[in-house]
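It should be emphasised that the depicted structure is a prediction, and the values quoted were computed from it without experimental measurement. Every number for a ligand or one of its atoms is a count from 1 in the order of the listing.
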Amino acid sequence: MNDANRNRVFLVDGARTPFLKARSGPGPFTPVDLAVQCGRPLLARQSFDRSLLDLVILGCVNVIADEMNPARVAALRLGLPERMVAFTVQINCGSGMQSLDTAYRYIRDGSHQMVLAGGAEALSHAPLTLRQSAVEWFGQMNAAKGPLEQARAMKGLRPEFFKPVVGLERGLTDPITALSMGQTAEVLAHRFDIDRKAADMYAMQSHHRLAAAQDEGRLKGEVMPAFARDGSVYDHDDGVRPDSDMEGLAKPKPVFEPPYGKVTAGNSSQITDGASWCILASERAVEEHGLAPLAEITDSEWAGLDPSIMGLAPVLAATPIVQRQGLSREDIDLWELNEAFAAQVLSCLAAWDDAEFCREILGLDGAFGRIDRDRLNVDGGAISLGHPVGTSGNRIVLHLANAMKERGAKRGIATECIGGGLGGAMMLEAA
Ligand SMILES: CC(=O)CC(=O)SCCNC(=O)CCNC(=O)[C@H](O)C(C)(C)COP(=O)(O)OP(=O)(O)OC[C@H]1O[C@@H](n2cnc3c(N)ncnc32)[C@H](O)[C@@H]1OP(=O)(O)O
């Protein structure tokens, strides 16, 4: 399909739940609960009838057994018609952006007019699983015929069978390299010479920026309060530490490569629960229903690279967009680069500023240049907010749209690294 036949795609509106830090034990909401909590007020404030939506797509990494295909469960709980097609996508931390990109492409190519695309993740509900030896033992017990065989199988019982494997640890470990996500950030810190002070400084700024955005009411239309069954109300991102300072950040020990690593609890993204939705619409739908979009989605890109340096993927995904749009670094007014780890974000900035890297890996003539920190993650990011993995890609696009509107920006890019060695990026322009 040539460009002339492509439809323009707009991000009409969006909302998310507060991001809630996973503390000990499951949090108050499942992924679908979260999706419903922010989906309800979002749909209620639209001027169009919700039955006009064509499709629901939801990104979710840790789907729980009671909510298979959470997109469909959420759609029905949101009161959408039974004919509504709804599917769930999973591409690790890219899931919430994948839902948007799928919606963007469907609308652009003319098959759909209005799509609800989101991400939902409750990392506090990540499954606890049995170790392989325990699974085999339970299998033998089930297969045992009669008391004699059962007694024989019973002999194989070991206390460690009852010590569960934390699913989250597995989920945040790359299956090809066996490196944890934090270790991949350490690889980058080493490669780009990111020191602990620089990582902590970045983390401190993330907390200060989010705290300022909360205080100054910049998240008001974006964050919808969530109401738990026990009557508790959650109305703000609770992982923020407004008083973060360099002294405090210097205290936590390196988690993933002790004792010399640079990545700590203070400069990593937090383990968090949260959901986010965006409504995407074609130009025709915008005109027909008199909608006032936040932004236009004008390009997107995905990239793959060595899983052990997955954190560099934003560089590989975002740069081709800038190039093919005939733009330069300065033309991008705002960037949202998901803060998986401070060392990972800083490595991306360093890679863009490294002429050799840009020539060899990106095929540029020289360095892309260092992104201005005043244009990057202006209201904080996953270090201060938390990182509900299947949601974050959706949140950064939504927040980019809101931040662009708030600041009168013309153009912005949201981009993120994805476990397994992938990256995604989307470009927005003022509507
Ligand atoms: C998956 C993909 O597809 C791609 C990606 O995005 S990769 C990224 C995926 N996500 C991850 O890998 C998650 C990374 N983060 C983690 O694993 C965990 O946050 C972690 C293991 C690093 C730390 O977990 P934790 O110990 O529960 O952290 P947390 O409770 O926040 O902090 C522990 C202590 O550090 C200190 N600390 C944390 N932040 C601080 C700050 N800003 N200032 C000062 N001290 C701080 C405090 O002493 C804190 O203890 P208190 O809460 O009692 O004050």
Considering [options] one by one, which has a heavy atom nearer to [atom] than any of the others?
atom: atom 9 (C) of ligand 1; options: L172, L249, I418; result: L172
atom: atom 2 (C) of ligand 1; options: C93, A250, C417, S384; result: C93
atom: atom 42 (N) of ligand 1; options: S180, S244, G393; result: S244
atom: atom 15 (N) of ligand 1; options: S269, A313, G423; result: S269
atom: atom 47 (C) of ligand 1; options: K21, R241, Q183; result: R241

Atom indices of ligand 1, in the order listed, that fall short of 4.0 Å to a heavy atom of [X]:
X: H207; answer: 42 (N)
X: G248; answer: 44 (C), 45 (N)
X: M181; answer: 7 (S), 12 (O)
X: S268; answer: 15 (N), 22 (C)
X: G266; answer: 38 (C), 39 (N), 40 (C)

Exercise. Which residue, L334, N377, L11, forms the side chain to side chain contact (heavy atoms under 4.5 Å, CB included) with L400?
Worked result: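 Filter result, single survivor: L334.
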
Exercise. Do you know which of H399, E222, E216, E406 makes side chain to side chain contact (heavy atoms under 4.5 Å, CB included) with D379?
Worked result: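 Option passing the side chain to side chain contact (heavy atoms under 4.5 Å, CB included) with D379: H399.
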
For this session: Report yes or no: does H387 have a heavy atom closer than 4.0 Å to ligand 1?
Result: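 Yes.
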
Exercise. How far is atom 33 (C) of ligand 1 from its nearest protein heavy atom, and which residue and atom name does that atom have?
Worked result: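 Of the protein heavy atoms, A265 CB, 3.7 Å lies nearest.
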
Exercise. Looking at Y104, does the NZ or CZ of R108 lie under 6.0 angstrom from its six-membered ring centre and within 45 degrees of the ring axis?
Worked result: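 Yes - R108 lies over the ring of Y104, closer than 6.0 Å to its centre and within 45° of its axis.
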
Exercise. Do any non-hydrogen protein atoms sit less than 4.0 Å from atom 27 (O) of ligand 1?
Worked result: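 Protein heavy atom within 4.0 Å of atom 27 (O) of ligand 1: absent.
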
